[in-house]
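For reference, the structure is listed below as C-alpha cells.
Treat the numbers as computed from the prediction; the structure is a model and nothing was measured. Both backbone and side-chain heavy atoms feed into the values below; hydrogens, waters and symmetry mates do not.
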Amino acid sequence: MNDSKTMVAALSVLAVFALSACSTSHHSDARATTPSPASDALPPSTTVATLPVVACATTTSGTEPVPARPPARETLNLPTAVADRLWLYSDGRTTVLAPASWICSSSIGADGSLAMFVVPVGSVSSTNPELDYTGVFVNTDNTAHGFGQALVCGYFPKSAAARVGQLCDHPPKGTKIKPVDADLVTFTHGPTSGFAVYPDASNATANVDVAKVSCDAGTLCTEILRDALTRFRPS
C-alpha cells in the first residue's frame with residue numbers, strides 16, 4: 001500500500017467527492033433501528049458500532065465455489081451521526097457498507113470477476129453506466145483478461161490496460177474524474193460518487209486485481225466510500 005499520507009489524502013478526496021455528489025441528490029437516507037454502542041476511548045464524534053452483516057443472494061458460474069457464509073456481525077469505528085443508519089452486506093468474499101434495511105445481490109463469474117449491488121427494497125437496478133440508480137455498486141476483476149482491463153481503462157486512460165486495445169467501459173457522459181495517485185481515481189456523475197483502483201497501472205505485464213465502487217446514497221456515501229477504500233485498495 002502507499003504510505004499513510006497517501007491514504008489520508010485519498011480518504012479526504014473521497015469525502016469531498018461524496019459530499020459534492022450527495023448535495024445534488026434527491027434520495028432520502030435509510031434509517032437503521034439498532035443503536036450502536038459508544039466507547040469512551042474514542043472521540044465524541046466516533047462510536048464503536050457492531051453492525052449486522054446481511055448475506056447477499058449470490059450466483060456463481062458453477063465452476064467458482066460459493067463463498068463461505070459471512071459472519072453475522074462486524075464491529076467498526078464509525079461517525080456517531082451515521083452509525084445507526086448503516087449495515088454491512090456481504091457475499092462471503094466481498095463486503096460493503098450501505099444504508100440499513102436495503103437488499104443485495106452478488107454474481108461471481110468463472111474468471112473470478114464479481115458484480116455486487118445493494119439497493120433499496122423495491123427499487124430497480126441496471127448495469128447501464130449511463131443511468132444513475134440509488135444504491136452501492138461494486139465491480140472487481142483482474143487485468144489478466146479483457147473484462148478486467150475494460151473495467152478500469154476508461155478511468156485510467158494512460159494505463160497499460162488502455163494501451164492494449166481492449167474495449168473500455170467508458171464512464172458516463174459528464175463524469176468528473178480526479179486522479180489521487182497513479183493507482184487510484186475518484187469520480188462523480190450526477191448524484192453518484194465513487195472510486196476506481198488499478199494497482200501497478202503502468203506495468204503492461206501486470207495481472208492485478210482491480211475494483212470500481214460507486215455510491216448513490218445521499219450523505220452516507222462519504223462513510224460508505226471511506227470504508228470501501230480500506231477494503232478494496234490492496235495493502
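- Inspection of the Thr80 and Thr47 side chains reveals no N or O donor paired with an N or O acceptor under 3.5 Å.
- Counting only heavy atoms from C-beta outward, the side chains of Thr143 and Asp200 never approach each other to under 4.5 Å.
- Between Gly148 and Val210, the closest heavy-atom pair is O-CG2, 3.8 Å.
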Chi angles and distances behind the side chain to side chain contact (heavy atoms under 4.5 Å, CB included) call for Val185, Lys178: CA-CA 5 Å; Val185 303; Lys178 182 177 180 63; over 6 Å; no
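- A heavy-atom distance below 4.5 Å is not found between the side chains of Ile224 and Val96.
- Using a 4.5 Å heavy-atom threshold, the side chains of Tyr155 and Ile177 count as touching.
- In this structure, Tyr89 has no ring-ring contact (aromatic ring centres under 6.0 Å, His included) partners at least two apart in sequence or on a different chain.
- Classified by interplanar angle (parallel below 30°, tilted 30° to 60°, perpendicular above 60°), the ring pair Phe137/Phe117 is tilted.
- Between Ala217 and Trp102, the shortest heavy-atom distance links the atoms CB-CH2, 3.9 Å.
- In summary, Arg233 and Asp209 do not engage in a salt bridge, as defined by a charged side-chain N under 4.0 Å from a carboxylate O.
- Closest of all the heavy-atom pairs between Ala160 and Ser202 is CB-C, 4.4 Å.
- Every residue meeting the side-chain contact (heavy atoms from CB on, under 4.5 Å) condition with Asp169, not counting sequence neighbours, appears here in chain and number order: Ala150.
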field: Residue pair Leu86, Asp227: steps toward the side chain to side chain contact (heavy atoms under 4.5 Å, CB included) verdict
entry: CA-CA 11 Å; Leu86 293 165; Asp227 178 78; over 6 Å; no
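- Remark: the Thr58 side chain and the Asp91 side chain contain no N/O donor-acceptor pair separated by less than 3.5 Å.
- Residues Asp216 and Tyr133 form no side-chain contact, since every pair of their non-hydrogen atoms from C-beta on lies 4.5 Å or further apart.
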field: Candidate pair Leu229 and Leu184, rule side chain to side chain contact (heavy atoms under 4.5 Å, CB included), full reasoning
entry: CA-CA 10 Å; Leu229 183 62; Leu184 173 69; 3.9 Å; yes
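- Tyr198 places no side-chain N or O within donor-acceptor distance of the main-chain N or O of Ala182, the cut-off being under 3.5 Å.
- At least one side-chain heavy atom of Leu88 sits less than 4.5 Å from a side-chain heavy atom of Leu76.
- Nearest heavy-atom pair across Val119 and Gly135 is CG1-CA, 4.2 Å.
- The shortest heavy-atom contact between Gly92 and Ser90 is N-OG, 2.9 Å.
- When every heavy atom of Val208 is checked against every heavy atom of Pro199, the shortest pair comes out as CG2-O, 3.2 Å.
- Classification of the Phe187-His189 ring pair by plane angle, with boundaries at 30° and 60°, yields parallel.
- With hydrogens and angles disregarded, no donor-acceptor distance shorter than 3.5 Å links the side chain of Thr188 to the backbone of Thr192.
- In this structure, Met116 and Cys56 have side chains that are in contact, with non-hydrogen atoms separated by less than 4.5 Å.
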field: Worked verdict on Glu74 versus Leu51 for side chain to side chain contact (heavy atoms under 4.5 Å, CB included)
entry: CA-CA 5 Å; Glu74 183 178 330; Leu51 304 183; 5.8 Å; no
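- Side-chain atoms of Arg93 and Thr140, non-hydrogen and from C-beta on, do get closer than 4.5 Å to each other.
- Within the 4.5 Å cutoff, the side chain of Ser113 has no heavy atoms near those of the Asn142 side chain.
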